[in-house]
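Side chains included, hydrogens not; waters and symmetry mates left out as well; all remaining heavy atoms used.
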Amino acid sequence: MTGGAPATTTLPQARAGVRLRGTAALQILTLAALLVAVYHRTFAELWHVWTHNDNYSHGPLVPLVAVALAWLRRDRLAEATIRPDARGLALVALACALQVLGIRADVFTFEGWSIPVMVTGLSLTFFGVEVTRALAFPIGYLVFMLTFPPFIVTTLSQALKEITVRLAIHAAEALGVLVRRSGMTLYLTGGELRVENPCSGLRSLIALLATGAVFAWLQPGGGWRRPLVLLTAIPIAVIGNAIRLTAMLLVAHYDGVDKVAGFFHDASGWAVYVLALGGLFGVRRLLTPRPRVATG
């Protein structure tokens with residue numbers, strides 16, 4: 001009867017393994033401390049924006065969704081070869097430059113957008129191309145938690161308000177509402193409504209684009225279907241906001257302008273988002289390839 005000798009670990013080997021794990025832990029803690037030092041101000045400002053600016057109120061959910069998307073890639077990540085790539089240091093340097101530029105120029109947008117660049121650079125540096133490619137969408141998804149330059153927000157808000165008001169007025173007049181427009185002020189028989197920036201639909205557009213990006217990534221069939229799913233989020237959001245404003249005009253006309261504010265204003269926003277979400281589900285279903293029926 002024969003048998004192999006059991007594997008044994010010598011004391012020097014065990015000590016070497018402990019030192020290796022200790023070194024790795026120290027490196028991770030050092031890197032985490034550096035990131036906190038560099039980005040603590042940025043994350044504090046992001047949190048303030050998320051909790052005080054309705055356009056970005058979805059922000060806290062984005063990192064959680066990104067982590068969930070990375071978890072969905074766990075099988076591919078497990079099969080990926082870890083091969084650190086020094087080219088990632090160039091992205092780390094670029095992220096640091098954006099951070100410094102944002103702080104020095106007092107342009108918070110640069111600070112925020114340096115975060116996904118930094119995450120990509122660190123992933124490439126420590127894990128390599130295969131892992132970074134597998135995490136590309138979860139990392140890229142982080143852009144939905146970031147802010148945009150004020151001039152872009154202002155331009156988009158004005159354009160969205162113009163489209164929304166025109167569509168809503170045409171729809172409301174077709175339903176018997178008497179309305180006259182002067183700029184962004186709508187005059188009805190019972191009073192006036194002022195369409196402010198929060199009513200432009202920018203908030204719902206950004207939130208729906210973030211949702212549409214996930215729908216597109218999960219879209220069966222891939223190819224042209226994915227960008228189409230994402231692009232349809234734009235007209236769905238615009239039409240949904242126009243429906244909301246039309247409903248406000250109807251309520252103001254038949255029940256009084258004072259009835260529009262408060263509960264109805266807030267509830268209609270959620271109702272329209274649910275309606276738009278249903279539209280995305282419908283688009284996804286229409287674009288999902290049908291299974292072929294075997295014939296023989």
**Q** Looking at Arg73 and Ala70, would you say the former's side chain and the latter's main chain have a donor-acceptor pair under 3.5 Å?
**A**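 No, the answer is negative, given that no donor and acceptor are paired below the 3.5 Å cut-off.
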**Q** Is there a path of hydrophobic side-chain contacts, each under 4.5 Å between heavy atoms of I/L/V/M/F/W/Y residues, joining Ile243 to Leu188?
**A** no
**Q** Does a side-chain heavy-atom distance below 4.5 Å link Asn241 with Val272?
**A** no
**Q** I'd like to know whether OH of Tyr273 has more than 12 heavy-atom contacts from other residues, nucleotides or ligands below 6.0 angstrom.
**A** yes
**Q** Main chain of Lys161, side chain of Thr164: is a donor-acceptor contact present, judged purely on distance under 3.5 Å?
**A** no
**Q** Ignoring hydrogens, what is the shortest heavy-atom contact between Leu202 and Ser157? Give both atom names and the distance.
**A** CD2-OG, 3.6 Å
**Q** Applying the 4.5 Å side-chain criterion to the ILVMFWY set and letting contacts propagate, would Trp50 and Tyr39 be lumped into a single cluster?
**A**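 Trp50 clusters together with Tyr39.
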**Q** Is it true that, when you exclude Arg194 itself, more than 12 heavy atoms of the residues, nucleotides or ligands shown sit nearer than 6.0 Å to its CZ?
**A** yes
**Q** Using a cut-off of 6.0 Å, state whether more than 12 heavy atoms not belonging to Arg74 lie near its atom CZ.
**A**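 More than 12 heavy atoms, drawn from other residues, nucleotides or ligands, come within 6.0 Å of this atom.
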**Q** Are Phe148 and Thr109 side-chain neighbours, meaning at least one heavy-atom pair lies under 4.5 Å?
**A**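 SC-SC contact between Phe148 and Thr109 ruled out.
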**Q** Out of curiosity, does Ile206 fall in the hydrophobic cluster containing Val229 (side-chain heavy atoms, cut-off under 4.5 Å, transitive links)?
**A** no
**Q** Just wondering, do Leu101 and Val107 contact through their side chains at under 4.5 Å, heavy atoms?
**A** no
**Q** Which atom names give the shortest non-hydrogen contact between Pro227 and Gly223, and what distance separates them?
**A** CD-O, 3.2 Å
**Q** Without swapping roles, check the side chain of Arg76 against the backbone of Ala78 for a donor-acceptor pair under 3.5 Å.
**A** no
**Q** Using modelled atom types and a 3.5 Å cut-off, is there a donor and acceptor pairing between side-chain atoms of His58 and backbone atoms of Phe144?
**A**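 Here the side-chain-to-backbone pair exists.
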**Q** Between Leu72 and Phe127, is there shared hydrophobic-cluster membership here, with clusters defined by ILVMFWY side-chain heavy atoms closer than 4.5 Å?
**A** yes
**Q** Test your reading of the model: is there a side-chain donor-acceptor pair from Tyr56 to the backbone of Trp47, 3.5 Å cut-off?
**A** no
**Q** Please test Phe126 against Val131 for side chain to side chain contact (heavy atoms under 4.5 Å, CB included), starting from the C-alpha separation and ending with a verdict.
**A** CA-CA 10 Å; Phe126 289 100; Val131 173; over 6 Å; no
**Q** Identify the two heavy atoms, one from Leu98 and one from Ser114, that lie closest to each other, and give their separation to 0.1 Å.
**A** CB-CB, 3.7 Å
**Q** Might you confirm whether atom CH2 of Trp224 has over 12 heavy atoms from other residues, nucleotides or ligands at distances under 6.0 Å?
**A**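 Yes, CH2 of Trp224 has more than 12 neighbouring heavy atoms, counting only those of other groups under 6.0 Å.
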**Q** So, taking the atom named CG in Leu205 and the one named CG in Asn55, what distance separates them when rounded to the nearest 0.5 Å?
**A** 10.0 Å
**Q** Can you tell me if Arg181 has over 12 outside heavy atoms packed within less than 6.0 Å of its CZ?
**A**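 Yes, the 6.0 Å shell around CZ holds more than 12 heavy atoms from other groups.
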**Q** Looking at Ile169 and Leu186, what are the two nearest heavy atoms and their distance?
**A**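 Residues Ile169 and Leu186, closest heavy atoms: CD1-CD2, 3.8 Å.
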**Q** Would you please classify the geometry between the Phe215 ring and the Phe281 ring as parallel, tilted or perpendicular, with 30° and 60° separating the classes?
**A**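 Aromatic pair Phe281/Phe215 classed perpendicular.
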**Q** Would you say Leu175 ends up clustered with Val260 if hydrophobic residues are merged whenever their side chains have heavy atoms under 4.5 Å apart, either directly or through other cluster members?
**A**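 Same hydrophobic cluster.
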**Q** Hey, does the side chain of Glu130 reach the backbone of Thr81 with a donor-acceptor pair shorter than 3.5 angstrom?
**A** yes
**Q** Without swapping roles, check the side chain of Arg225 against the backbone of Leu287 for a donor-acceptor pair under 3.5 Å.
**A**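 It does hold such a pair.
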**Q** Which atom names give the shortest non-hydrogen contact between Met145 and Pro63, and what distance separates them?
**A** SD-CG, 3.7 Å
**Q** Would you call Arg166 and Glu162 a salt bridge, taking side-chain N to carboxylate O under 4.0 Å as the test?
**A**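 Looking at Arg166 and Glu162, the cut-off is met.
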**Q** Tell me whether Phe110 at atom CZ has more than 12 heavy atoms from other residues, nucleotides or ligands lying less than 6.0 Å away.
**A**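 Counting other residues, nucleotides and ligands, CZ of Phe110 stays at 12 neighbours or fewer.
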**Q** Checking side chain to side chain contact (heavy atoms under 4.5 Å, CB included) against Leu122, which of Leu35, Ile139, Val117, Leu91 comes through?
**A** Leu35
**Q** Looking just at side-chain N and O atoms, do Glu192 and Thr185 make a donor-acceptor pair shorter than 3.5 Å?
**A**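 Judged by distance alone, the side chains do not pair up.
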**Q** Could you give the distance from CD1 (Ile103) to CD (Glu111), rounded to the nearest 0.5 Å?
**A**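 So the CD1 of Ile103 and the CD of Glu111 are separated by 5.0 Å.
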**Q** State whether the side chain of Thr155 and the backbone N or O of Ile152 hold a donor-acceptor pair below 3.5 Å, judged by distance alone.
**A** no
**Q** Examine distances only and state if a side-chain atom of His40 and a backbone atom of Ala37 form a donor-acceptor pair shorter than 3.5 Å.
**A**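 Yes.
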**Q** Does Ser123 use its side chain to pair, donor to acceptor, with the backbone of Val119 at less than 3.5 Å?
**A** no
**Q** I need the minimum non-hydrogen distance between Leu208 and Ala276, along with the two atoms involved.
**A** CD2-CB, 3.7 Å
